[in-house]
Amino acid sequence: MKIAKLFVAGLALLTTASLANAGTLDDITKRGELRVAVQTQGPPFSMVDQAGKRTGSSVELAELMAKEMGVKITFQDYDWDGLIPALLSGKADLLVADMTPTLARAMKVAFTKPFMYTGSTVFAKADSKFGTMEACKAKGTKIAVLLGATGEKVAKETFPDADIKSYKGGGPLLLDAVNNGQADCGVNDVSAVKGQQAAYPAGTFTIMPETLSKEPLAFATRYDEQDLLVWMNLFLDQVALDGRLQKNLDYWVNSDDWKKDH
């Protein structure tokens, strides 16, 4: 009986060890492919450029990950509110976007360390009467936000008397709404707004100088992908140390240099 119990215990230990060694990184290596969920249109982090190529700050960082892994990469396009469900369903190995690692989101997915910091801002059409924060705070002001984004929460807190209009999709929808008169103002990540306004003639929008929040941005995996999470954090450390992260952010986020190339 004791021998049988010892055999069962030993078998359990071997099974546990085998499961521990068979992680997501092994799956990616065997598959030869890294599957990445990205936002359909969210420049400067993810977009399809004029040549029809998927590119952007987060896209290029994901491509660097695949290169370091020695595998090919496949991008899966989703609206903003579809990113986390795609990850949780197992369709994607990870998601890369300008996503804030909030406590609520962290109840569902595991975030990496931040790769940069940003914040929400307010914008309006340049020739409108909503050129200041105070003007946007007026009762009944229609403010466009992205469904499920941190800007939605920030807008409700900052503009309690406004009519908050939540849009399902990507950040460009907010600029379209303001430009078409469907909304008076918009609230979104300042890096995204600056990047997305490039699709309009210069001077179309006024971006308020105030920042409504300070937020980290991070990538995400599932909680059952701890090996991939550890690897991604090591990757972010490495590209920060060797300058590739700063080079990426300087081109895509901290300047308008990418607009002439894409």
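Hydrogens, waters and symmetry mates play no part in the numbers below; they use all other heavy atoms, side chains included. Numbers here are sequence positions counted from 1.
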Sequence neighbours left out, cut at 3.5 Å: what donor-acceptor pairs do the side chains of residues 99-108 make with other protein atoms?
residue, atom, partner, partner atom, Å
T100, OG1, E215, OE1, 3.2
T102, OG1, R105, N, 3.1
R105, NH1, T100, O, 2.8
R105, NH2, G148, O, 2.7

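The main-chain N or O of M133 is never found under 3.5 Å from a side-chain atom of E210 such that the two would form a donor-acceptor pair. Side-chain atoms of R31 come within 3.5 Å of backbone atoms of E33 as a donor-acceptor pair (strictly under, hydrogens ignored). Without hydrogens or angle criteria, S255 side chain to D250 main chain gives a donor-acceptor distance under 3.5 Å. The closest donor-acceptor contact from the side chain of S213 to the backbone of S120 lies under 3.5 Å. Side chain of K260 to backbone of D257: a donor-acceptor contact under 3.5 angstrom is found.
Hydrophobic clustering keeps V145 apart from L173 (ILVMFWY residues linked when any side-chain heavy atoms are closer than 4.5 Å, directly or through intermediates).
Residues meeting the side chain to side chain contact (heavy atoms under 4.5 Å, CB included) test with K247, sequence neighbours left out: none. In this structure L147 satisfies the side chain to side chain contact (heavy atoms under 4.5 Å, CB included) test together with D81, E152, S166, K168, sequence neighbours excluded. In this structure D237 satisfies the side-chain hydrogen bond (donor to acceptor under 3.5 Å, both in side chains) test together with K113, sequence neighbours excluded. With sequence neighbours left out, the side-chain hydrogen bond (donor to acceptor under 3.5 Å, both in side chains) criterion links R35 to D93. In terms of the side-chain hydrogen bond (donor to acceptor under 3.5 Å, both in side chains) criterion, residue partners of K259 (sequence neighbours excluded) are, by chain and number, D256.
Heavy-atom minimum distance, A218 versus F111: CB-CD2, 4.1 Å.
With rounding to the nearest 0.5 Å, the separation of OG1 in T121 from CG in L212 is 6.5 Å. Distance check: T118 OG1 to D98 CG gives 8.0 Å after rounding to the nearest 0.5 Å. Note that the CG atom of L146 and the CG atom of D79 stand 8.5 Å from one another [nearest 0.5 Å]. Rounding to the nearest 0.5 Å places CD1 of I164 at 9.5 Å from SG of C185. The line from CG of D49 to CG of D261 is 9.5 Å long, rounded to the nearest 0.5 Å. Atoms CG and OG1, from L95 and T112 in turn, are 9.5 Å apart once rounded to the nearest 0.5 Å.
The side-chain hydrogen bond (donor to acceptor under 3.5 Å, both in side chains) analysis of residues 132-143, with sequence neighbours excluded, yields no pairs. For the salt bridge (Lys or Arg N to Asp or Glu O under 4.0 Å) condition, no pair includes a residue of residues 180-195, sequence neighbours left out. Residue pairs meeting the ring-ring contact (aromatic ring centres under 6.0 Å, His included) criterion with at least one partner in residues 62-90, sequence neighbours excluded, do not occur; the list is empty. Here ring-ring contact (aromatic ring centres under 6.0 Å, His included) pairs that include residues 237-262, with residues two or more places apart or in two chains, are W252-W258, W252-H262. Residue pairs satisfying the ring-ring contact (aromatic ring centres under 6.0 Å, His included) criterion with at least one member in residues 220-242, sequence neighbours excluded, are listed as follows: W231-F235. The stretch residues 170-181 participates, sequence neighbours left out, in these side-chain hydrogen bond (donor to acceptor under 3.5 Å, both in side chains) pairs: D176-Y200.
Here the side chains of Q197 and L175 are in contact, with some heavy-atom distance below 4.5 Å. D77 places a side-chain heavy atom less than 4.5 Å from the side chain of V38. Between L94 and F219, every side-chain heavy-atom pair lies at or beyond the 4.5 Å cut-off. With a 4.5 Å cut-off on side-chain heavy atoms, F115 and V239 do not count as touching.
Between K67 and E63 there is no salt bridge, since none of the side-chain N atoms of the basic residue sits less than 4.0 Å from a carboxylate O of the acidic one.
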